> 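Dumping the structure here so I can ask a few things about it.
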Amino acid sequence: MFKNLLVPVSGESITKKELNAAIKLAKLDGAKISLVYISDPVIPYSSSEVQSALALSAKEYKKVSAEFAKRLLAKARAVIGPDVNVQELHIYHPNISDGILEAAKKAKADVIVMASHKRTGLRGIFMRSEAQEVILHSKLPVLILG
């Protein structure tokens with residue numbers, strides 16, 4: 001049914017249990033998993049007249065972001081194991097859901113498999129989850145795990 005599953009990962013968004021569900025789906029269809037991590041291209045820096053020792057240059061920030069993405073994607077790849085073909089993507093985008101949609105195009109995915117924060121009630125209305133945004137704007141099927 002599916003040949004390329006896009007699976008966005010972050011520090012907290014997809015658990016080992018949910019990743020195992022994506023692995024089972026990939027194995028059923030002989031599909032590839034495209035892992036993606038989205039980094040904000042804007043350096044998290046607060047403006048001040050005093051130069052902060054914690055401030056990073058754009059070059060340093062990009063290097064730190066790339067290293068973090070590499071470690072996170074390697075952890076997910078280790079969970080997936082050698083039985084499934086895996087592609088890794090690191091996308092810089094200021095909006096996570098738009099970054100996920102960009103990654104889906106780049107990876108030529110045919111489904112997006114992701115976790116949800118499960119926000120409900122007023123919190124769900126005012127703080128839409130990335131999963132909700134992806135569902136609203138995706139032209140691909142979106143499978144929510146959780």
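All of these numbers come straight from a predicted model, not from anything done at the bench. Note that these values count all heavy atoms, side chains included, but never hydrogens, waters or copies made by symmetry.
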> For the residue pair L101 and I112, establish whether any side-chain heavy-atom pair is separated by less than 4.5 Å.
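Yes, their side chains come closer than 4.5 Å.
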
> Can you get from M1 to L5 by hopping between Ile, Leu, Val, Met, Phe, Trp and Tyr side chains that sit under 4.5 Å apart?
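Both belong to a single hydrophobic cluster.
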
> Using the side-chain contact (heavy atoms from CB on, under 4.5 Å) criterion, which residues pair with K3? Sequence neighbours excluded.
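For K3 the side-chain contact (heavy atoms from CB on, under 4.5 Å) partners, ignoring immediate neighbours, are D110.
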
> Linking I/L/V/M/F/W/Y whenever their side-chain heavy atoms sit closer than 4.5 Å, directly or via other members, would L35 and V84 fall into one cluster?
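Yes.
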
> State which residues pass salt bridge (charged side-chain N to carboxylate O under 4.0 Å, His left out) with K27; sequence neighbours excluded, sorted by chain then number.
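D83.
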
> Check P94 against D40 and note the closest heavy-atom contact, atom names and distance.
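Result for this residue pair: CA-OD1, 3.9 Å.
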
> Just how far is it from atom CG of D98 to atom NE2 of H137, taken to the nearest 0.5 Å?
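It comes to 7.0 Å.
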
> Distance-only check: which donor-acceptor pairs under 3.5 Å involve side-chain atoms of residues 138-146, not counting sequence neighbours?
from	atom 1	to	atom 2	distance (Å)
S138	OG	L140	N	2.9
S138	OG	L140	O	2.9

> Which residue pairs pass the side chain to side chain donor-acceptor pair (under 3.5 Å) test with at least one member in residues 65-82, sequence neighbours excluded?
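Sorted pair list: R77-E88.
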
> The criterion is salt bridge (charged side-chain N to carboxylate O under 4.0 Å, His left out); which residues satisfy it with E102, sequence neighbours excluded?
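Here no residue qualifies.
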
> State which residues pass side-chain contact (heavy atoms from CB on, under 4.5 Å) with V79; sequence neighbours excluded, sorted by chain then number.
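V79 satisfies side-chain contact (heavy atoms from CB on, under 4.5 Å) with K16, L19, N20, I23 once adjacent residues are dropped.
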
> Please find the pair of heavy atoms, one from G99 and one from I91, that lie closest to each other, and give the distance.
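Result for this residue pair: O-CG2, 4.2 Å.
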
> Could you list the residues that satisfy side-chain contact (heavy atoms from CB on, under 4.5 Å) with A107, not counting sequence neighbours?
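Partners of A107 by the side-chain contact (heavy atoms from CB on, under 4.5 Å) criterion, ordered by chain and then number, come out as N4, L6, S34, Q87, L89.
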
> Who pairs with N95 by side-chain hydrogen bond (donor to acceptor under 3.5 Å, both in side chains), at least two apart in sequence or on another chain?
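In terms of side-chain hydrogen bond (donor to acceptor under 3.5 Å, both in side chains), with neighbours along the sequence ignored, N95 is linked to S97.
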
> Can you give me the closest heavy-atom contact between V113 and P8, atom names plus distance?
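Closest approach of V113 to P8, heavy atoms only: O-CD, 3.2 Å.
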
> Determine the minimum heavy-atom distance between I33 and A22, stating which atoms define it.
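Looking at all heavy atoms of both residues, the closest pair is CD1-O, 4.1 Å.
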
> For residues 20-39, which residue pairs pass the ring-ring contact (aromatic ring centres under 6.0 Å, His included) check, not counting sequence neighbours?
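Sorted pair list: Y37-F68, Y37-H90.
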
